[in-house]
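Structure first, then comments.
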There are 2 protein chains.
Amino acid sequence: MKANDREALAPFARKLGRLGTLTPADEALLAALPITVREAAAGQYLVREGAPTTECCILVSGYACRHKVAANGGRQIVSFHLPGDILDLQHLLLPIADHNVQTLTESLVAWIPKPALKRVADESAAIADALWRDSLIDASIFREWVLNVGRRDARSRTAHMLCEFAARREAAGLGSPEEFELPMTQEQIADATGLTAVHVNRMLRALEIEGAITRERRRIRIVDWDRMRWIADFDPVYLHAAA
Amino acid sequence: MKANDREALAPFARKLGRLGTLTPADEALLAALPITVREAAAGQYLVREGAPTTECCILVSGYACRHKVAANGGRQIVSFHLPGDILDLQHLLLPIADHNVQTLTESLVAWIPKPALKRVADESAAIADALWRDSLIDASIFREWVLNVGRRDARSRTAHMLCEFAARREAAGLGSPEEFELPMTQEQIADATGLTAVHVNRMLRALEIEGAITRERRRIRIVDWDRMRWIADFDPVYLHAAA
DNA sequence: CGACAACTTGACGGGCGTCAACCGGAGTGG
DNA sequence: CCACTCCGGTTGACGCCCGTCAAGTTGTCG
């Protein structure tokens, strides 16, 4: 572990602190975790579906997603991730990866051997609770995505994806939900919403024309949050305030 | 707790045993849990979205589902449940319910106060691991459903739902995956697959005509498993062998 | 300045939703 | 014991939302 690596877990530790109350002893346990920080290019795979896993990875900087691929070639993104997110907590207790994890942008990723993280969870009930809570919130977000993809029309789906991204950015302390830069292409938004890139483009334009957002390249400004909330059918309860 | 209530947790304890290795001490802890078993009519709500929760419930007999409702009135079922399943483990650590839990058939439901279950999890690392693993498998199933609803056509989706139900029935020791009785209506299948009841009906007929299944009322016989697996794009890895 | 990825926009078609009618079985009450 | 009701299932006709295809534009990076 290099000197600057000690800083790498700071956003992760902050997130756990939001998920539960950590004592100084807990924070010391986290700080003592053996981590390896590696750079990852945009589009690099961090975990491959079907592969056995020996490490857990945490996103230090940059953006990532998790996805699965159907037999017909369709790809479905099942979640987006921000700095501080654990990218494969499930592999702490499940031996085989059931989906892929891939960066969206150039990123820094901290790798922790599974046994080390498991040991910390066993030693600190507070950390174990925070991790468990994190995976439960993950699951809650998946449920909302099933609803989004299954029962909302294309315009709502697209708007919902934008609202969630804005809300999670803010919750993670990454900046204002009013205006932000999207890290993903329209094709990636399409893969997350179960649409095509062409139709995502049409929906973004529609949101712009009706005055809900403005766009300039990938920079989004949410002009009318109330209207967006209404279009998207967005109720942040499912984020449980800390995602 | 009445005398016959002691038997109520048996399928649940068996399921935890499949998720991890429980010692006799662990089993004693489970057996000592204070439970209340109540009958529930078909269609009864066990948990309401938005409500604070004080108890966890476990399905003893019968079938249930979890679902969310969109602003446009569309309803999305996000999971089906079999005897032995925990219906709202997430509420052990999350204070507000983000979805509804409802029975599909007449059922028996065991209720456990949250603090009691939490205490057992704190006392036994094996039980805590098994519960955590259960919620991770839950999340894995949600991911597969996002893929199913987002990227597969109606015929595959319907077939996938049947394959999953058959596989989970078998894993839970509830009988053969070759032939079984569906506990849900075609409208409920539609709400789970993001389709309409009319189109589910068309797809079931299509599966029957091409010789993949036969039907007699709600009794399904999977005639050609290989073909069904192929149609459904069904790979049970995501069930992690114990759901 | 050429190449390429991402984005944009229009035309067209199909899969699935919608509407509507009918059937069949189970429960209910006279 | 039979008529009535109701829910779930079945089937056809029709239409729309979104996928597909195709052409063009823009910005970026070598």
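Quick note on labels: first sequence line is chain A, next is B, and so on, each numbered from 1.
The aromatic rings of B/Phe234 and B/Trp225 lie tilted to each other, with the angle between the two planes from 30° to 60°. Between A/Tyr45 and A/His67, the ring-plane angle classifies as perpendicular under the 30° and 60° cut-offs.
The line from CG of B/Leu89 to CG of A/Leu136 is 6.5 Å long, rounded to the nearest 0.5 Å. Atom CD1 of B/Ile220 sits about 8.0 Å away from atom CE of B/Met228, to the nearest 0.5 Å. Here the CG atom belonging to A/Asp98 is positioned 10.0 Å from the CD1 atom belonging to B/Ile137, to the nearest 0.5 angstrom. One finds the OG atom of A/Ser140 at 8.0 Å from the CD atom of B/Gln90 (value rounded to the nearest 0.5 Å). To the nearest 0.5 angstrom, B/Asp153 atom CG is 12.5 Å from B/Arg151 atom CZ. Atom CZ of residue A/Arg75 and atom CG of residue A/Asp191 lie 5.0 Å apart, to the nearest 0.5 angstrom.
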Derivation of the salt bridge (charged side-chain N to carboxylate O under 4.0 Å, His left out) call for B/Glu144 and A/Lys68: CA-CA 8 Å; B/Glu144 183 70 22; A/Lys68 309 190 76 160; 2.6 Å; yes
B/Ile35 and B/Ile58: CA distance, side-chain angles, deciding distance, side chain to side chain contact (heavy atoms under 4.5 Å, CB included) verdict: CA-CA 10 Å; B/Ile35 65 170; B/Ile58 292 167; over 6 Å; no
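Between the C1' atom of D/dG9 and the CG atom of B/Leu182 lies a distance of 13 Å, rounded to the nearest Å.
Within residues 147-160 of chain B, the residues that place at least one heavy atom under 4.0 Å from DNA chain C are, in residue-number order, B/Asp153, B/Ala154. Within residues 190-204 of chain A, the residues having any heavy atom closer than 4.0 Å to DNA chain C are, in order of number, A/Val198, A/Asn201, A/Arg202. Near DNA chain C, meaning a heavy atom under 4.0 Å away, the residues from residues 207-222 of chain B are B/Arg217.
Taking a cutoff of 4.0 Å between a charged side-chain nitrogen and a carboxylate oxygen, B/Arg66 and B/Asp138 qualify as a salt bridge.
Ring centroids of B/Tyr238 and B/His160 are separated by less than 6.0 Å, placing the two rings close together.
With hydrogens and angles ignored, the 3.5 Å screen pairs a side-chain donor or acceptor of A/Arg157 with a backbone N or O of A/Thr193. For A/Thr105 (side chain) and A/Ala42 (main-chain N/O), no donor-acceptor pair under 3.5 Å exists by modelled atom type.
When DNA chain C is scanned in the 5' to 3' direction for atoms under 4.0 Å from non-hydrogen atoms of chain A, the outermost contacting nucleotides are C/dA6 to C/dA11.
Over its full length, the helix from C/dC1-D/dG30 to C/dG30-D/dC1 turns its helical axis through 40°, comparing axes from the five pairs at each end and rounding to 10°.
Residues in residues 179-209 of chain B take part in these ring pair (Phe, Tyr, Trp, His ring centres under 6.0 Å) pairs, two or more places apart or across chains: B/Phe165-B/Phe180.
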